[in-house]
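When a residue number appears, it is its place in the shown sequence, counting from 1. For ligands, and for the atoms within them, numbers begin at 1 and follow the listed sequence. On a predicted model such as this, the values are computed, not experimentally measured, just so you know.
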Amino acid sequence: MSNKLIIFDTTLRDGEQSPGAAMTREMKIRIARQLEKLGVDVIEAGFAAASPGDFAAVQSLAEIITGATVCSLARASENDVRRAGEAIKPAKSGRIHTFIATSPIHMQHKLRMSQDQVLERAVQAVKWALEYTDDVEFSAEDAVRSDMDFLVQVFDEVIKAGAKTLNVPDTVGYSIPFAWGERMRQLIARVPDSGKVIWSTHCHNDLGLAVANSLSAVLNGARQVECTINGLGERAGNASLEEVVMAVRTRRDIFNLDTRIDATQIVPTSKLVSSITGYPVQPNKAIVGANAFAHESGIHQDGVLKHRETYEIMRAEDVGWNANKLSLGKLSGRNALRQRFAALNIEFASEEDFVAAFNRFKELADRKHEIYDEDLQALVSEEAVTKVSEHYRLVSLRAHCETGILPVAKVVMSIGNTEHEAEMQGGGPVDATFQAIEKIVSSGTELQLYSVNNITSGTDAQGEVTVRLSKGGRIVNGQGADTDIVVASAKAYLNALNKLHNNAERAHPQL
Ligand code: KIV
Ligand code: ZN
């Protein structure tokens, strides 16, 4: 059995299914370029049949990415598979990932199909996919609750039809490590010709066991793990890429497997995904949380100073911490900025876009004299954000706080070409600002989440704000960054409103 572990990143597909994490084509391109630098083997770019926008995003990645296989998800229907096939056509290495549910509960209540019909459709989907690429992956959705004999039969037939990778998903995050490893072991033992394909695992984190289950599957023969940066994904998320990779690497004595991942790119990738999706990373998150390498207790600090390995099993710098370089300052010119963007893999569609970013950089440098890579990433995210056709735009904001009196905010904003203003009081300056915006727009939305994170350290750092709004079943995350967190909050709120205003409806792959 091979000692190579294939890392299949689904941040841009399953990760995108997190509430409000839908990404534009430009956002996906930035993340995909970073995933390529990170060294993932497969990038699941999206679900091409979901909408014309999703198709275009998958197609763009297929055109641009050369260092990883670009994959599109497709339900086991002719239209989905053909859309996926067309979208990945330009790829140097392209894969179609087709799936159908195999559990009684899904077949009966969701698909309303019999076992025979599911089996026939699975085989047919693989055959349609082979018309476009010989790299075809098949997933048995809800494998965790599927009948073992039926799973064996389905996998046997799709191998005969030509599938090269067989994915075993714990779609609902129901398994526990022992059972999941055992399921993988039995499948490999029972499916004829199992040695001719790559076995893959795809685990959700509903019981907090996605990484443990994935690793158990690996110990029992899986040679591909499907995972996401920061564990993003449907509901409680997927197995986190950084945890899987670092577990395999740190415990090489147990796994004896290699990945192509350049671990020093893990933290930069995590930060990029967090800033683009608006999903902050919890401070105590393994590997990429702000406290992951911080020693608080005196005894631990003393031990680490005497001999690092007393309390550290990995080195922070090996996963990309402390890599944030002091990039630029107020006196830096266009060339210096251009070079730094190039080093960060950030490209601009036109010189005009670069000049806009340069102007924003200058504005920021007036308020913050040390500009780090993370600031530049946020600045570009903001460029992308403002390009999300700004129906609602912040013109100016004044917020006043004073002990003993209610904070008040005055917002001037434009809707289309007309300017409006409103002044409101609130529990705090952010609350007053949101109320003033709502007085103008009466959006009818519900605020589901408000969070602020500092992008770098220090009190002059930019605050990165995420605002999650929902309306009529649709959920969006808006983001804004500024050294003034009230301004960042207003930008984030308006960004969310713009997304609700612009976003086209898209199909969900698992409905
Ligand atoms: O969780 C799941 O089952 C999936 C499949 C589409 C692979 O995401
Ligand atoms: Zn999934």
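Side-chain N/O atoms of H97 and E44 include a donor and acceptor closer than 3.5 Å. Counted by atom type alone, Q186 and E182 present one or more donor-acceptor pairs between their side chains at under 3.5 Å. Side-chain N/O atoms of N79 and S77 include no donor and acceptor closer than 3.5 Å. Side chains of T165 and E137: a donor-acceptor N/O pair is absent below 3.5 angstrom, by distance only.
With respect to atom 2 (C) of ligand 1, the closest heavy atom belonging to the protein is Q510 NE2, 3.3 Å. Scanning all protein heavy atoms for the shortest distance to atom 6 (C) of ligand 1 gives R13 NH2, 3.7 Å. Closest protein heavy atom to atom 3 (O) of ligand 1: T171 OG1, 2.6 Å.
Near E141, meaning under 4.0 Å from any of its heavy atoms, are these atoms of ligand 1: 3 (O).
Taking the N/O/S atoms of H202 in turn, the shortest distance to the Zn ion (ligand 2) belongs to NE2. In D14, the N, O or S atom that comes nearest to the Zn ion (ligand 2) is OD2.
Ligand 1 is never approached by E226 to a heavy-atom distance shorter than 4.0 Å. Using a 4.0 Å heavy-atom cutoff, E234 is absent from the residues neighbouring ligand 1.
In terms of heavy-atom proximity, T133 sits nearest to D135 at OG1-N, 2.9 Å.
Residue S139 has no nitrogen or oxygen atom sitting less than 3.5 Å from a nitrogen or oxygen atom of ligand 1, judged on distance alone.
Using a 30° and 60° split on the angle between ring planes, Y493 and F434 fall in the tilted class, from 30° to 60°.
Heavy atoms of E44 found under 4.0 angstrom from ligand 1: none, in either backbone or side chain. Contacts with ligand 1 closer than 4.0 Å are made by side-chain heavy atoms of H204 only, the backbone lying farther away.
Between F341 and F348, the distance from one ring center to the other falls under 6.0 angstrom.
If you take CD on Q224 and CG on L166, they are separated by 10.0 Å, rounding to the nearest 0.5 Å.
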